Amino acid sequence: QVQLVESGGELVQAGGSLKLSCEASGRAFSNYVMAWFRRVPGKEREFVAAINWSDGTTYYSDFVEGRFTISGDNTQDTVFLQMNSLEPEDMAVYYCAADEDPLWYSDYANYKYWGQGTQVTVSS
């Protein structure tokens, strides 16, 4: 049974940093694309960042590039999201997702496995 478990979300002041973690289990993820999405109430899930563990390629949404960094330890099936210079607009539930071959890495509909999410709260 595949499980993705996120952690690291908490309350932080604007301008601060957080590091989210996602531990994956239940199968070998070495050839998977691992991604972070986020959702605020009333809006659709939006793409944040992704990493292709087969070659290490990373992808970012425009609104986080330069502030967030996705990385991973594929020996431990863990992916991280380092978030710096957080803004109130970054406040959301952050989800980890995984898929062996998503057609579009930025489209949440292409990911088969999801975690339960971790809340990030940014105070202004």
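By convention here, the first residue in the shown sequence is residue 1. Because the structure is a prediction, the values reported are computed rather than measured.
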Please tell me whether [X] and [Y] are part of a single hydrophobic cluster in this structure, the criterion being side-chain heavy atoms less than 4.5 Å apart.
X: Phe68; Y: Val12; answer: yes
X: Leu20; Y: Tyr59; answer: no
X: Val79; Y: Val5; answer: no

What's the separation between atom [atom1] in [X] and atom [atom2] in [Y], rounded to the nearest 0.5 Å?
X: Asp77; Y: Ser30; atom1: CG; atom2: OG; answer: 7.5 Å
X: Ser25; Y: Gln1; atom1: OG; atom2: CD; answer: 8.5 Å
X: Tyr95; Y: Tyr108; atom1: OH; atom2: OH; answer: 11.5 Å
X: Ile51; Y: Thr57; atom1: CD1; atom2: OG1; answer: 8.5 Å
X: Arg39; Y: Arg45; atom1: CZ; atom2: CZ; answer: 4.0 Å
X: Met83; Y: Leu18; atom1: CE; atom2: CG; answer: 4.5 Å

Please work out which of the three classes, parallel, tilted or perpendicular, describes the rings of Phe37 and Phe47, given edges at 30° and 60°.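 Perpendicular.
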Non-hydrogen atoms of [X] and [Y] that approach each other most closely:
X: Phe29; Y: Trp53; answer: O-CE3, 3.2 Å
X: Ala98; Y: Leu4; answer: N-CD1, 3.9 Å
X: Ser124; Y: Ala14; answer: CA-CB, 4.3 Å
X: Leu81; Y: Ala49; answer: CD1-CB, 4.2 Å
X: Ile70; Y: Met34; answer: CD1-O, 3.8 Å
X: Gln13; Y: Val122; answer: C-CG1, 4.1 Å

Does a donor on one side chain sit under 3.5 Å from an acceptor on the other, for Arg67 and Tyr60?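 The answer is no; no qualifying pair exists.
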Would you tell me whether Ser17 and Asn84 have side-chain atoms, one donor and one acceptor, within less than 3.5 Å of each other?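 Result is yes, a qualifying pair exists.
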Is it the case that more than 12 heavy atoms not belonging to Gln116 sit under 6.0 Å from its CD atom?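 No - once you tally the heavy atoms of other residues, nucleotides and ligands closer than 6.0 Å, there are 12 at most.
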Enclosure of Glu23 CD (heavy-atom neighbours >12, cutoff 6.0 Å):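 No, CD of Glu23 has 12 or fewer neighbouring heavy atoms, counting only those of other groups under 6.0 Å.
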Could you go through the salt bridge (charged side-chain N to carboxylate O under 4.0 Å, His left out) check for Asp90 and Arg38 one step at a time? CA-CA 9 Å; Asp90 295 316; Arg38 68 187 188 185; 2.9 Å; yes
Report the C-alpha separation of Glu46 and Phe63 in whole Å, then their side-chain angles, then the decisive distance to 0.1 Å, and conclude whether the side chain to side chain contact (heavy atoms under 4.5 Å, CB included) test is met. CA-CA 11 Å; Glu46 64 179 355; Phe63 57 78; 3.7 Å; yes
Using the rule given for side chain to side chain contact (heavy atoms under 4.5 Å, CB included), can you reason through Cys96 versus Trp36, listing the C-alpha separation, both sets of side-chain angles and the distance that settles it, and then say yes or no? CA-CA 5 Å; Cys96 178; Trp36 288 96; 4.2 Å; yes
Tell me, do [X] and [Y] make a side-chain contact under 4.5 Å, heavy atoms counted?
X: Gln119; Y: Glu10; answer: no
X: Trp114; Y: Asp99; answer: no
X: Tyr105; Y: Asn110; answer: no
X: Asn52; Y: Asn31; answer: no

Tell me, with the steps shown, if Tyr111 and Val33 meet side chain to side chain contact (heavy atoms under 4.5 Å, CB included). CA-CA 9 Å; Tyr111 288 83; Val33 173; 3.5 Å; yes
Evaluation steps, side-chain hydrogen bond (donor to acceptor under 3.5 Å, both in side chains), between Tyr113 and Arg27: CA-CA 11 Å; Tyr113 302 110; Arg27 65 172 58 233; 3.3 Å; yes
Go through Leu11 and Ser123 one step at a time and tell me if the side chain to side chain contact (heavy atoms under 4.5 Å, CB included) criterion holds. CA-CA 7 Å; Leu11 172 64; Ser123 64; 4.2 Å; yes
